[in-house]
**Q** 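Sharing a structure, written as structure tokens. Questions coming.
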Amino acid sequence: MWNRNRKEEDFTPKPVGAPPPAPSVLAKEGIPMSTLPSRPPESHHEGGRSAVLGKSVILKGQIISREDLTIDGEVEGTVELKEHRLTIGPNGKVKANVKARELVVIGTIQGDVEITDKIDIRREAKLVGDIKTARVVIEDGAYFKGNIDIVRQDAARPATSTLAPAPAAAAPSTPAQKPAAPAPGGSSPSAAAAGAADGKR
Amino acid sequence: MKILDLAGASQSTISFVTGQGHRLYSEDFMLQLEECFGGGDFNENQADPVNAEAFLQATLDFPAGDFDGALVWDMLEYLGPRLLGRVVARLHAMLRPGASLLALFHAEERKQPPPSFSCRIQDRRTILMTPRGALHPIQFFNNRNLEKLFQDFHSVKFFLTRDALREVIVKR
């Protein structure tokens, strides 16, 4: 017995660029060696973890997650990620009420959505349901049918960056955020000016 | 206030309406029209009562008096006579008394039929109209037609604008 444990410790690869974890932690996780090199780097955020439901997964029931989640399969039920981001991938089909901090929709979602921070509905996305959120970005070409209820955040946000994390969330391990994507279509001043040239009345 | 926008979701309209503190219900009426009645004779397909009922259920199934305003844009021009009457009756029912409806109508005398447009509010003074799809209007309306069409409403006001377009503001 002790020999086998020793072997596992010896051959367990250590993540590149991360401080070596304590041996006891590795033993508890029991991660097969072969999965470590193939794990995509973006699936591990510095400040937390991200889970993925692959495109061949069909799930019926309730999902409660304490980490970011990407759904690229089919889900029916409810999804709650109160403090985290949910991404509906291009193959994702979600028929559920969703609560999360942030939502990115590339696939299809049918259900009511309650998001505390921001909803990002991409061009190929289809969202049918009522949404309640602080901010929403809809790309041209996206399909949306439902109510939009913008909930004003009382706490004043920093004026310099729309995606700046709230002070409580700004732990040292918080990953660097990408700059805010410009609002699509006619919402940006330059696009509006360009579009207005032919269609503006 | 709760506003119905039949032009489909657009960032600028959403930002404008919600920026005023209102709620917005977004519905892509033209897309539903194409899905329900496209393929073959667009006008003839609308005469099918089963299709027409399915279309109304999919697009305008709301409780009475649910909305304080409706942005109908130029959608009514793409409806055949029978379906048009039913759509206007539904709009009348789902707007609360005193609510307003904005519709656009092209002048009949245009030489070429206008394309369908995607309309969005750019700012307080500007509506952005972007051509979309291949559908052409089925009906054109003069002022008298419009008054008859909205006869159940409280008032109808016409505003002539550029490009042979009339803005019509209807009070419920």
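Below, chain A is the first sequence line, B the second, and so on; all start at residue 1. What you see below is based on every heavy atom in this structure, not just the backbone, and it leaves out hydrogens, waters and symmetry mates.
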**Q** Under 4.5 Å heavy-atom distance to chain B, tell me which part of Val128(A) shows up: side chain, backbone, both or neither.
**A** neither
**Q** Would you indicate whether the side-chain heavy atoms of Val137(A) and Gln11(B) approach each other to under 4.5 Å?
**A** yes
**Q** Just list the side-chain donor-acceptor pairs under 3.5 Å for residues 29-40 of chain B, sequence neighbours left out, or say none.
**A**
{"from": "Gln32(B)", "atom 1": "NE2", "to": "Tyr143(A)", "atom 2": "OH", "distance (Å)": "3.3"}

**Q** If you measure from the Lys or Arg side-chain nitrogens to the Asp or Glu carboxylate oxygens, is any gap between Asp140(A) and Arg120(B) under 4.0 Å?
**A**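 Looking at Asp140(A) and Arg120(B), the cut-off is met.
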**Q** Going from CG on Leu127(A) to OG on Ser26(B), what distance comes out if it is rounded to the nearest 0.5 angstrom?
**A**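 Those atoms lie 10.5 Å apart.
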**Q** Does Lys145(A) reach the main-chain N or O of Ala9(B) with its side chain, forming a donor-acceptor pair under 3.5 Å?
**A**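 No: the side chain of Lys145(A) does not pair with the backbone of Ala9(B).
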**Q** How long is the straight-line distance from CD1 of Ile148(A) back to OH of Tyr25(B), given to the nearest 0.5 Å?
**A** 10.5 Å
**Q** Sorted by first residue and then second, give each side chain to side chain donor-acceptor pair (under 3.5 Å) pair with at least one member in residues 57-70 of chain B; sequence neighbours left out.
**A** Lys2(B)-Asp66(B), Glu53(B)-Gln57(B), Asp68(B)-Arg96(B)
**Q** Contact between Asn147(A) and Leu24(B) at the side-chain level, heavy atoms closer than 4.5 Å - yes or no?
**A**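 A side-chain contact is absent here, since even the closest heavy-atom pair is not under 4.5 Å.
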**Q** What distance do Phe144(A) atom CZ and Asp28(B) atom CG have between them, rounded to the nearest 0.5 Å?
**A**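 Interatomic distance, Phe144(A) CZ to Asp28(B) CG, rounded to 0.5 Å: 12.0 Å.
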